[in-house]
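Here is the naming used below: chain letters follow the sequence lines, and residue numbers restart at 1 for every chain. This one's a predicted model, so the numbers in the text were calculated from it and none came from an experiment.
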Protein chains: 2
Amino acid sequence: MSDAPARSSYRHGDLRQALIDAALDMARQGGPDAVVLREATRRAGVSPNAAYRHFADRRDLLEAASASAQGLAADAMEDALEAVHGTGDPAVDARLRVGAVGRGYLAFARHEPGLFRTAFTVPNDLSRAFDADKAGRRGRTPFQVLAESLDALHAAGVLPDERRQGAELLAWSTVHGLGMLALDGPLRGLTDEMLDGATERLLLMVDRGL
Amino acid sequence: MSDAPARSSYRHGDLRQALIDAALDMARQGGPDAVVLREATRRAGVSPNAAYRHFADRRDLLEAASASAQGLAADAMEDALEAVHGTGDPAVDARLRVGAVGRGYLAFARHEPGLFRTAFTVPNDLSRAFDADKAGRRGRTPFQVLAESLDALHAAGVLPDERRQGAELLAWSTVHGLGMLALDGPLRGLTDEMLDGATERLLLMVDRGL
DNA sequence: GTGTCATTGTGGACAGCGTACACATCCTTT
DNA sequence: AAAGGATGTGTACGCTGTCCACAATGACAC
């Protein structure tokens, strides 16, 4: 538990990113409420007020951390997507991919509950769902990953025209609800098996009901 | 903005309930994070530490407020249920009622966002989903209202045996997800019409997909 | 180089929070 | 009337987010 790395120069280098990293780390453990500005500056080896040169206030820092967390969520979704083995049948593949997106989302919720809540629980409207700072390693935000998988479903003829619009809402709501209920909500303490079962049934319902 | 009612006696009367009411009021405006213990004691006209005679800590107070909020959510669901006009056909009626439960849940989310988040976002596992302090005016908790409407669906023969178990998870996840996304999540700022549309499509999907 | 200046850091201060500890007041029971 | 538990008060502590004035730094014009 030594002090901070004691930067050599007066300037820090990249304080903004260091603060976001620290915030992300706290968020990982305790969710958005666990993000405390002073502690972030402490970890960066800097005085509390230094943070205000990079963020308007705590909320602002939290939003930056939330954006990063969304990027990590996107990565989890891309992971799941890459794990899909194509069958050659475009319609089947498109459906498999939509399912994978949902599975990836829920995997992220389960493996990184703190980050999940930080990503999707901090106010943040749709108009900014495409900001680059929310993108994962492949350059897509979670919303984009979902939307494009639905586009493919549409292109493959599985999802009829009149049901394409707003399909994001349905799909997202469903998996998001399970994630939230299983995390803080009344569904905590479900065994992994029960969650797996619920996940598959949910995805089946979406597949049929979209 | 006068001071507190200045209770006549040294004892308060029912401080516990007064604190819960104050907490509920704060939660109504700003959700769980807006519940501050000291402010609650101020509103009750009592010193900060008095709260500790009735609650272990802030979290404990918040949980009591959450339980009350769940009772109010149950009321909204019962309201929606009472608004259903029976058709005489048990199967149709059962389906209508399940839909009404979902609609009531989402109506509560929209009309009382702060209370909704207080009710369903504060950790709280299933094992305590039947506690009396979470019940509404008709004595049922939100979970019970849902579960019993699904029982009816099952009894009417609409929901086959093998799909009855865990059906709560599916139904609840779906509406809860929409509620959360529309509140703090990335779906804020949707117009009422869009929300209404999404709600109905979602309920339709559940009706078909359960 | 030297002077100027915006940028990015520090230090000290303040109010508000949750909570601990010691003490005061009241109600009930004997 | 005395005792004792329940419920309230007072004071205090460390922590938080944030404000203000000031200091160090690096970039650029001359």
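Per the geometry, CG belonging to B:Leu61 stands 9 Å off P belonging to C:dG18, to the nearest Å. In this structure, CZ of B:Arg16 is placed 12 Å from P of D:dG8, rounded to the nearest angstrom. Residue B:Asp33 contributes atom CG, which lies 14 Å from atom P of C:dC17 at whole-angstrom precision. The CZ atom of B:Phe55 sits 13 Å away from the P atom of C:dT19 (whole-angstrom rounding). Rounded to whole angstrom, the span from the NE2 atom of B:His12 across to the C1' atom of C:dC27 amounts to 17 Å. In this structure, A:Leu19 atom CG and C:dT8 atom C1' are separated by 12 Å, rounded to whole Å. If you take CZ of B:Arg43 and P of C:dC17, they are 11 Å apart, rounded to a whole angstrom. What separates CZ of A:Arg42 from C1' of C:dG11 is a distance of 16 Å, to the nearest Å.
Within 4.0 Å (heavy atoms only), A:Arg58 reaches sugar-phosphate atoms of the nucleic acid but no base atom.
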Any protein N or O atoms within reach of nucleotides 22-26 of chain D? Criterion: under 3.5 Å, listing atom names and distances.
unit_1, atom_1, unit_2, atom_2, d
D:dA23, N3, A:Tyr10, OH, 3.4
D:dT25, O2, A:Arg11, NH2, 2.5

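At least one donor-acceptor pair closer than 3.5 Å links the side chain of A:Thr141 to the backbone N or O of A:Ala129. A donor-acceptor pair is defined here as one N or O able to donate and one able to accept, closer than 3.5 Å; such a pair exists between the side chain of B:Arg208 and the backbone of A:Gly209.
In this model, a donor atom of one side chain and an acceptor atom of the other lie less than 3.5 Å apart for A:Asp21 and A:Gln17.
A:Arg201 places a side-chain heavy atom less than 4.5 Å from the side chain of B:Leu170.
Under the 30°/60° scheme for interplanar angles, the aromatic rings of A:Tyr105 and A:Phe120 are found to be tilted. Note on ring orientation: taking the six-membered ring where Trp is involved, the planes of B:Trp172 and B:Phe143 are tilted (angle from 30° to 60°).
Closest approach to the A:Val46 side chain among D:dG17, C:dT10, D:dG8 is made by C:dT10 (side chain taken as heavy atoms from C-beta onward). Residue B:Ala50 places its side chain closer to D:dT9 than to any other of C:dT19, D:dT9, D:dC19. Nearest nucleotide to the side chain of B:Leu37, out of C:dT19, D:dT9, C:dA20: C:dT19. Nearest to the side-chain atoms of B:Arg38 among the listed nucleotides D:dT18, C:dG18, C:dG9 stands C:dG18.
A donor-acceptor contact under 3.5 Å is formed by the side chain of B:Asn49 with the base of D:dT11.
Heavy atoms only, all atoms of each residue included: B:Leu61 and B:Leu37 are closest at CD2-CA, 4.3 Å.
Closest-nucleotide positions on DNA chain D for B:Gly13 and A:Val36 were compared, and the one nearer the 5' end corresponds to B:Gly13. Toward the 5′ end of DNA chain C lies the nearest nucleotide of A:Pro48, the other residue of the pair B:Val35 and A:Pro48 mapping further downstream.
The side chain of A:Tyr52 contributes no N or O atom lying less than 4.0 Å from OP1 or OP2 of D:dC19. The side chain of B:His54 contributes an N or O atom lying less than 4.0 Å from OP1 or OP2 of D:dG8.
Among residues two or more places apart in sequence or in another chain, the ring-ring contact (aromatic ring centres under 6.0 Å, His included) test is passed with B:Phe55 by none.
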